[in-house]
Amino acid sequence: MQEIVNRAKELLADGTVKRVLGWKAGDLPYNPEPAYFEKEEDFEDFVYNGFCGANLSKYMIEASKLEGKTLVFLKPCDTYSFQQLLKEHRVDRDKAYIIGVGCKGKLDIEKIRGLGIKGIESIEGAEIEDEAETLKIQTFYGEKTCAYKDAMLERCHVCKGKDHMIYDEQIGESKETKDADRFAEVEKIEAMSPEEKFAFFQKELSKCIRCNACRNVCPACSCRKCVFDSNKFDSSQKANVDSFEEKMFHIIRAFHVAGRCTDCGECSRVCPQGIPLHLFNRKFIKDINELYGEYQAGADLEERGPLTSYQFDDAEPGIVAERR
Amino acid sequence: MTNQKKQAELIQEISGVNPLKCMKCGKCSASCPSYNEMDIKPHQFVSYVINEDIESLVKSKSLWKCLSCFACVQRCPRDVKPGKLIDAARQIVERQKGGDYLTADEIPELLDPEIPQQLLVSAFRRYRR
Amino acid sequence: MSIEAKEEFRPKIVAFCCNWCSYAGADLAGSSRLSYSADIKIIRVPCSCRVNPMFILRAFERGADGVIICGCHPGDCHYTSGNYYARRRMTLLFSMLDYIGVESGRTRVEWVSAAEGVKFSQTMHEFVEKIQSLGKNVRLEDLRCRK
Amino acid sequence: MQRIGVFVCHCGTNIAATVDVKKVVEMALHEPGVVHAEDYQYMCSEAGQEKIRAAIQEKNLSGIVVCSCSPRMHETTFRGAAERAGLNPYMVEIANIREHCSWIHKDMEEATEKAVILMRAAVAKVNLNTPLKPGESRVTKRALVIGGGIAGIQTALDIADAGYPVDIVEKTPSIGGRMSQLDKTFPTLDCSACILTPKMVEANAHPNINIYTYSEVEKVSGFVGDFTVDIRKKARSVDMSKCTGCGVCQEKCPSKKTPSEFNRGLNNRSAIYTPFAQAIPNVPVIDREACIKFKTGKCGICSKVCQAGAIDYEQEDEIITEKYGAIVVATGFDMIKLDAYDEYAYSQSKDVITSLELERIMNAAGPTGGHLERLSDGKAPKEIVFIQCVGSRCADNRGKSYCSKICCMYTAKHAMLIRDKYPDVNVTVFYIDVRTPGKNFDEFYRRAVEEYGVNYIKGQVGKVIPKPDGKLLVQGADLLDNKQILKEADMVVLAAAIEPNPDVRKIATMLTASIDTNNFLTEAHAKLRPVESPTAGVFLSGVCQGPKDIPETVSQAGAAAVKAIGLLAKDKLLTNPCTAHSDELLCNGCSQCANVCPYGAITYEEKEVNDHGIREVRRIAVVNDALCQGCGACTVTCPSGAMDLQGFSNRQILAEVDAICR
């Protein structure tokens, strides 16, 4: 982490960048938050550890409007989002100085809690320099340990790889953390009967409180004004009355980001209700890969997205019924 | 499903070839070094598979005359690969015979260091069940 | 058994037809007096690519039991490529609806040319039968909008 | 709130027999916004239209719904009636209660119920209609033809004859194109130059035609009726106004080692050259890459020998900017490269040639003076083999998936010409299928077999093996006799596939004209609009649209010219007002809409917007009304809903959905 801080200070001092976009420590040991750093003293709060899951790409939309360059730290998976935004002209490459930072898998506090570890005071082993395989957690009830792997975010188990898609310089090593099949969960649902599927999603989605955290954090969901907030479809946001409303919201949201979603997993990470929202996006990604060929949003700047291109012999919509 | 039909489908599955893509240009037969030895000619393989007459194909001389040089595979303008079809037919025969001549464990002992690794691997790949 | 259950089920079906092929195909079905169920109501759109997933979800929300989209055959689009985009969009949307447990028979895409009055009538006939067999759309209906 | 009138037509008994029209009228009056409703025997009649006019004026209606036959039938009629009454024609909606209701249902109750729902949907829609006005744009009465082959020449001549000025832009130093390289043409065997040269001369002399040779289109902006085009006139190094075309410079030029493009590299040309003797304009260019003066600064012989003083080493590229109302693309084709077809030994033996090379060899002005001889040793061949479909009809990535269309016929021509001139030469053609649809085409092919004794063998050749003695061993198969053939040949001619000129991709991008995976330009409709590009004002002529022979090319060239003339004859263009519009406060500028627009109607502008007090410059999608055809593909691609389609807006369609599901 010190190397990152030193380099950031250097770039601030020599005027290469006007500000730094990174993470600062939160009030608890496990909730760092995205923040700007403009002066050397600001860096006291700077952190980069296992809990810095937040994808900073989306903040670059606003940062692109500011004067001067912004230094932004991007993990390998974040760079896909940045590149996708670049493709859509939402961020300005000339306004960004990208330092690709290493990542050895990010942690999910809910997973730790799920292991029955409560009353957390401090956590050791989440620092990025450690090659620690286990986390040492001080709690009110004494010291607990858990394997780093068991505390990782779902998305890190299906990691896209160690390579940064776009950067000005790189600091730190990354680790391959993929140990699961990206589409296993989707396949499980696909195998269910219609009744089971409906029950599953009704249960999950009934938890939705329409707080819009998923929408606000999503780098693809970056419309100036969401259709659910405008009068263009008579669909202005309102309190949910029944289960269909969230379904509509989440289906349309997933549809609007289909072909653009990099599968960064931020939606599921931030959902306060723990809804596995990535299951919607991944269903579309799986269908796209199977029907129109492998496609990874944000992996390049040129290729047309799967929903803005076509082949003469694409599958017919009837394939949905046939596949069942 | 008749046995013949099943075998025709199996041939397509093993070879990964869609015989319907053939436009009957005959470049395979023109390229074949064993042409004169064959009773069923390379360009005819396709119609035997389409007509599900696998029995004749399997009984033909051609089955064992094909050298697997794959000149036809390389030159076929329609990606039909007659060489792969006949190879698949051979595999069906081998599979029907059943019984492994060798198991994988026995190989190391018999291994002649002169045999190229690739040959072994491809042989296993081809004749595994 | 309630009284409602004895009533014959009359599904509500929305058909989006592109102006150049399918709407004309429906006109031909009409002028050829090829009857199909009155449960089908057609909305004219310039092209199948004009159909927004929002329209389909809204129809279900408001109590439609089935939605069918008709456009020109691939390769024949008046706007050259509209139906290709529609095809991808609808495939993905239908797949998603199926994924969340909506019966896949409630949605359909059919390519009907201006000359295919018979096909139009037959398709509508089949689709109504399918919806009849699936019964009322209870999964996706917004209860507030039911009369 | 709108003031809506509903007019229900009986259509004699066509509607009234199954739909209770009185009931529809009664129900209409309950609908929001409806202030007037009536029925009549025939709404489309004079009297019916008069009723509509009267109601609009008396009740001050702001929108009307006509419940009648299909809008495809009478929408224009009723729009006209509304307009005459002073109502905007786009405030009219039709509820189709005939084709979609009365004609297909027998039960009166059922049909009436449906008619009411269709009426409701139309009322709900018209409630959200807004008056629309067709835009107008002016037409520049000048056409541009890109490409100076037979397609481009014919199109230019036809447009020019109709009285409109035309510019031809040709990349090479002369017009003439592929046809000028041909020796004879099928199926009549007349000499290509004899029929082409007069056309070239005519184009050159035509007062309405202006030819830019050695020039390329560099930039295109604007839209139908009003294109602005930058043309780069490459430096010729010869003053066109002074040159007399005497040819002395070419004769004296010491640099004579550049392969001649015109003769397909079979012989060499000088650094200062005209591609061929009948070139138009008959003014040479200096190939600066080959010229000794440009390479070393020394030489200058051409300047010394030029009596007219036309040589100008200082000349620079010139950019000409011109406005056009219509653009015709006629970029033509080339033969595919045969590098991937090593089995035919094209790169190994000089005696394996393409059919276009054979054209040059057979031509009296060609590298061998028209004598059929082997390029390796100059000997007369006794045995010639033709191989068909080299790179055509290929499913692999070595060749092209399509049939090149012209090869069967030109091969029959070549075979016939050879047998005619050299009866002692044996000619064998290996074919997959012989495709001869066309007037007198099959007869032509049969003559090759029956009268000239050309030996046709069904079966593709597998391999051509050059032998040490200079002969070529052709290994083929006769599928009909079921035997393999080994044939010794002195010369092998490959019917290589044709492909669109590689430059066409660049041009298509500039014109936002769509292009298929084979680089052929896409037509607006495969059957009904085959010479128009989906991009308004752009027309297609010749092989750039798909493989064609000369007669087909010439007829398509004429058709493209007619379409262009039809456009240029107009003073103004009325544009369909049902176009897409982007809400600048909602637009993300993400470019997705432009990706799906088949017409290239969407561009992006950096525009200052005032979003509730926040002033900032944003990248905003802007739709060009003249180009937009109103398909709506962009509206669904737009995630924020910024893009909407006038006349079929999101809210209008949703209102219809709601009305139907009510």
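Heavy atoms only: backbone and side chains are in, while hydrogens, waters and symmetry mates are out. Here is the naming used below: chain letters follow the sequence lines, and residue numbers restart at 1 for every chain.
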Quiz item: What is the distance from atom CZ of B:Arg75 to atom CG of D:Asp396, rounded to the nearest 0.5 Å?
Solution: 12.5 Å
Quiz prompt | Heavy atoms from other residues, nucleotides or ligands near NZ of B:Lys84 exceed 12 (cutoff 6.0 Å) | solution = no
Exercise. For atom CD of D:Glu451, decide whether the heavy atoms of other residues, nucleotides or ligands shown that lie under 6.0 angstrom number more than 12.
Key: yes
Quiz item: Listed by residue number, which members of residues 13-35 of chain B have a heavy atom under 4.5 Å from any heavy atom of chain D?
Solution: B:Lys21, B:Met23, B:Lys24, B:Cys25, B:Gly26, B:Lys27, B:Ser29, B:Ala30, B:Ser31, B:Cys32, B:Tyr35
Quiz item: Does B:Pro77 offer a backbone N or O that forms a donor-acceptor pair with the side chain of D:Arg393 under 3.5 Å?
Solution: no
Exercise. Would you check if B:His43 and D:Asn482 make a side-chain contact, meaning some heavy-atom pair closer than 4.5 Å?
Key: yes
Quiz item: When rounded to the nearest 0.5 angstrom, what distance separates NZ in D:Lys483 from NZ in B:Lys41?
Solution: 11.5 Å
Quiz item: Considering residues, nucleotides and ligands other than D:Lys337, do more than 12 of their heavy atoms fall under 6.0 Å from its NZ?
Solution: no
Quiz prompt | NZ (D:Lys463) with more than 12 external heavy atoms under 6.0 Å | solution = no
Quiz prompt | Residue part contacting chain B, namely of D:Phe430, when any heavy atom lies under 4.5 Å | solution = neither
